[in-house]
Amino acid sequence: MWGFALFVVVTISALVYSDAKSRGSSSPVLWALGVFFLTIIFLPLYIICRPTGIKQKSYLCPTCGKFHSQPQNYCPHCGAKLFDIQEHRE
């Protein structure tokens with residue numbers, strides 16, 4: 001019985017850590033530890049307070065300064081040739 005409860009809490013903590021990290025949270029480890037030790041408090045708190053979107057890679061055009069979502073040879077905004085694509089996290 002206790003083994004199953006521990007398994008569930010560890011699994012939920014791992015999922016919270018993974019979700020917080022993918023959403024760009026500044027402290028995914030603290031969220032996971034909070035859920036592990038005080039699941040009844042921290043799990044609802046995390047669900048309410050978590051960031052809304054998953055962070056995706058974006059690329060910066062050095063000519064026009066606009067971001068685009070996929071690595072390309074030419075900027076979709078200004079048409080400039082992109083030799084060295086600069087990766088940027090939103």
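Side chains are part of it too, since the values below use all heavy atoms of this structure and drop only hydrogens, waters and symmetry mates.
Both L38 and I12 are members of a single hydrophobic cluster when ILVMFWY side chains are connected at heavy-atom separations under 4.5 Å. A single hydrophobic cluster is seen to contain both V8 and V35, as judged by linkage of ILVMFWY side chains at heavy-atom distances under 4.5 Å, directly or through other members. Neither I41 nor L15 shares a network with the other; the hydrophobic side chains, linked directly or stepwise wherever heavy atoms of I, L, V, M, F, W or Y lie under 4.5 Å apart, form separate groups for each. At a threshold of 4.5 Å between side-chain heavy atoms, the hydrophobic network of Ile, Leu, Val, Met, Phe, Trp and Tyr places L43 and I48 in two separate groups.
Here the closest heavy-atom approach between residue A80 and residue T63 is recorded as CB-OG1, 3.4 Å. Contact detail for P28 and K21: the closest heavy-atom pair is CB-N, 3.8 Å. The two atoms that bring C61 and C78 nearest to each other are SG-SG, 3.8 Å, heavy atoms only.
Residue I40 places its CD1 atom among 12 or fewer non-hydrogen atoms of other residues, nucleotides or ligands, all under 6.0 Å distant.
Between the side chain of S25 and the backbone N or O of A20, no donor-acceptor pair lies under 3.5 Å.
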>> Before you tell me yes or no, could you show the steps for Y46 and D19 under side chain to side chain contact (heavy atoms under 4.5 Å, CB included), namely the whole-Å CA-CA distance, both residues' side-chain angles and the distance that decides it to 0.1 Å?
In response: CA-CA 10 Å; Y46 175 71; D19 184 63; 2.5 Å; yes
>> Checking F42 against W31 for the side chain to side chain contact (heavy atoms under 4.5 Å, CB included) test, could you report, in this order, the C-alpha distance in whole Å, the side-chain angles of both residues, the deciding distance, and whether it holds?
In response: CA-CA 7 Å; F42 276 91; W31 279 115; 4.0 Å; yes
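Of the candidates V9, V10, T11, T11 is the only one forming a side chain to side chain contact (heavy atoms under 4.5 Å, CB included) with F7.
Within the model, atoms OG of S27 and OH of Y17 stand 11.0 Å from one another, a figure rounded to the nearest 0.5 Å.
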